[in-house]
Amino acid sequence: MQRPNYPSGKDLLSADAVSRFDLDDIMERAARHLHEEELEKAGLPLPEQPPAPRRRPKVIATLFDQRSTRTRLGFQTAAARLGHQSIDAYDTDRSRMGTATGESIEDHIHTVELYSDLLIVRSHLEDMPYRVGRLSYLPVINAGNGADEHPTQALVDIFAIRQMRGAIENLSIALSSDSRARFAISFVKMLRLSPPKRFTLCCLPDTPINPAMREAMTVLADLGTQVGLVHDIRHTLDHDVLSIQMQDMSKFAHASLGNEAVDKEKESEPFTLTARKVLDARSDTLILNPLPRFSELDTSCDSLPNAGYFRQVQLSVPMRMAILERMLLGIPWTGQAEAFRSSSGG
């Protein structure tokens, strides 16, 4: 997979793109959008703001060759709430790109950018968002690429934790997941910007940890986080936050299996979270899941007061509004620029 060898700042393709300055800015924007949404729902007046200059709505183009519910609908809803429009720029059943009688990705991207102002790419091909970022002068968002990363999900998760549990630096956080899962890699990478007191990975024993995950955990340890490893979900229930997904996501990596095939896959008992386990541990850990869930998170957990995964989905909209707002204003992401300056001695 070829990644850019220099930081342009226009694209959000990896958790590496985000600096602490960027994180603080995007969290503040998301919190403002959330506050305004809550005021509107309560029928209260919004804070007075100077009138914004009249501008035409922006067009957000989604290029998804991989199935999506929350990410696609979340960005479409965010665009609508900002007064913008979204278009489906790639449909596997109707688009010409990639078909025998179709056009190259280069021609497709150069065509789509004539209709739009920002591109959101989701693909089973890990190189695709980076390739689109190099091809287009428009800002590009990586909405999930193979087994690589999912940076906007990481921002959603951090926003959800801050809203429901407070400052991450004061918390203990556990992650029960396949260490190759793209949401997990981006999430642990992003934690470097506000390192928790303790971080624990719950994973299958005798299974090598993905190198990208191991590196991200090493970074946390170097920043002073107490980093641990466990092999039973019960050992995570003393944490402030638990983010959980299937331990073996390889069967779902392309998000192309039907329900019948998925239902045949069952998580092994040590990694299945049930309400009984939570209650027996007298745990108030905040339970998060990027969804869709499989058998790792039992529906008995839905009635628990500390089940936060549907609130997590709800909070994704103000965060995605903040991401779109920031990028349409042309504000660059500075994380890779900082890393580039450090590595070059600047």
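Keep in mind that the numbers below use all heavy atoms, side chains included, and drop hydrogens, waters and symmetry copies.
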Taking side chain as C-beta onward, heavy atoms only, is Gln163 less than 4.5 Å from Ile158? no
Taking side-chain contact (heavy atoms from CB on, under 4.5 Å) as the definition, give me every residue that meets it alongside Asp22, ordered by chain and number, with sequence neighbours left out. Val18, Ser19, Arg326, Trp333, Thr334
Val188 reachable from Leu286 in the ILVMFWY side-chain graph, under 4.5 Å edges: yes
May I ask you to check whether over 12 heavy atoms, not counting those of Glu38, lie within 6.0 Å of atom CD? yes
Atom of Met27, atom of Leu155 and distance for their closest heavy-atom approach: CE-O, 3.7 Å
Atom CG in Leu114, atom CD1 in Ile109: separation rounded to 0.5 Å? 11.0 Å
Side chain Thr225, main chain Arg198, donor-acceptor under 3.5 Å: no
Determine all donor-acceptor pairs shorter than 3.5 Å in which one atom belongs to a side chain in residues 200-207; sequence neighbours excluded.
{"unit_1": "Thr200", "atom_1": "OG1", "unit_2": "His239", "atom_2": "NE2", "d": "2.8"}
{"unit_1": "Thr207", "atom_1": "OG1", "unit_2": "Pro205", "atom_2": "O", "d": "3.4"}

Would you please say whether a donor-acceptor pair under 3.5 Å links the side chains of Tyr309 and Asp302? yes
Please give me the minimum heavy-atom distance between Ile173 and Pro196, naming the atom from each residue. CD1-CB, 4.1 Å
Would you confirm whether Lys189, through its side chain, and Asp16, through its main-chain N or O, come within 3.5 Å as a donor-acceptor pair? no
Starting from the C-alpha separation in whole Å, work towards a yes-or-no answer on salt bridge (Lys or Arg N to Asp or Glu O under 4.0 Å) for Glu169 and Arg20. CA-CA 13 Å; Glu169 292 90 342; Arg20 180 58 194 250; 3.1 Å; yes
Could you check whether any side-chain N or O of Ser179 sits under 3.5 Å from a backbone N or O of Ile209, counting only pairs where one atom can act as donor and the other as acceptor? no
Report yes or no: does Asp11 contribute a side-chain atom to a donor-acceptor pair with the main-chain N or O of Val140 at less than 3.5 Å? yes
Residues 77-85, side-chain donor-acceptor partners within the protein, below 3.5 Å, at least two apart:
{"unit_1": "Thr77", "atom_1": "OG1", "unit_2": "Leu73", "atom_2": "O", "d": "2.8"}
{"unit_1": "Arg81", "atom_1": "NH1", "unit_2": "Glu37", "atom_2": "OE1", "d": "3.4"}
{"unit_1": "His84", "atom_1": "ND1", "unit_2": "Lys58", "atom_2": "N", "d": "3.0"}

Any side-chain heavy-atom pair from Pro318 and Arg32 closer than 4.5 angstrom? no
Sequence neighbours excluded, every pair satisfying salt bridge (Lys or Arg N to Asp or Glu O under 4.0 Å) that has a member inside residues 210-235: Asp232-Arg234, Arg234-Glu269
Between Tyr130 and Asp148, is any side-chain donor less than 3.5 angstrom from a side-chain acceptor? yes
Only counting residues at least two apart or in another chain, list the ones meeting salt bridge (Lys or Arg N to Asp or Glu O under 4.0 Å) with Asp298. none
Can you find a side-chain donor-acceptor pair between Gln153 and Asp157 that sits under 3.5 Å? yes
Do Arg131 and Glu106 meet the salt-bridge criterion of a basic N to acidic O distance under 4.0 Å? yes
I want to check something: taking the side chain as every heavy atom from C-beta on, are Lys197 and Leu171 in contact at a cut-off of under 4.5 Å? no
Could you tell me whether Tyr115 atom OH has more than 12 heavy atoms of other residues or ligands within 6.0 Å of it? no
With salt bridge (Lys or Arg N to Asp or Glu O under 4.0 Å) as the test, would you mind laying out the steps for Asp284 and Arg165 before giving the verdict? CA-CA 11 Å; Asp284 66 349; Arg165 282 293 188 270; 5.1 Å; no
Is it true that the side chains of Asn145 and Ser123 contain a donor and an acceptor less than 3.5 Å apart? no
With side-chain hydrogen bond (donor to acceptor under 3.5 Å, both in side chains) as the test, would you mind laying out the steps for Gln247 and Ser177 before giving the verdict? CA-CA 5 Å; Gln247 285 294 326; Ser177 171; over 6 Å; no
Just wondering, more than 12 heavy atoms not from His35 lying within 6.0 Å of its NE2? no
Does Leu191 share a hydrophobic cluster with Phe183, counting links as ILVMFWY side-chain heavy atoms below 4.5 Å and allowing steps through other members? yes
Say whether, by atom type as modelled, one donor and one acceptor occur between the side chain of Glu296 and the main chain of Phe294 under 3.5 angstrom. yes
Checking Ala221 now: which residues fulfil side-chain contact (heavy atoms from CB on, under 4.5 Å) with it, not counting sequence neighbours? Val227
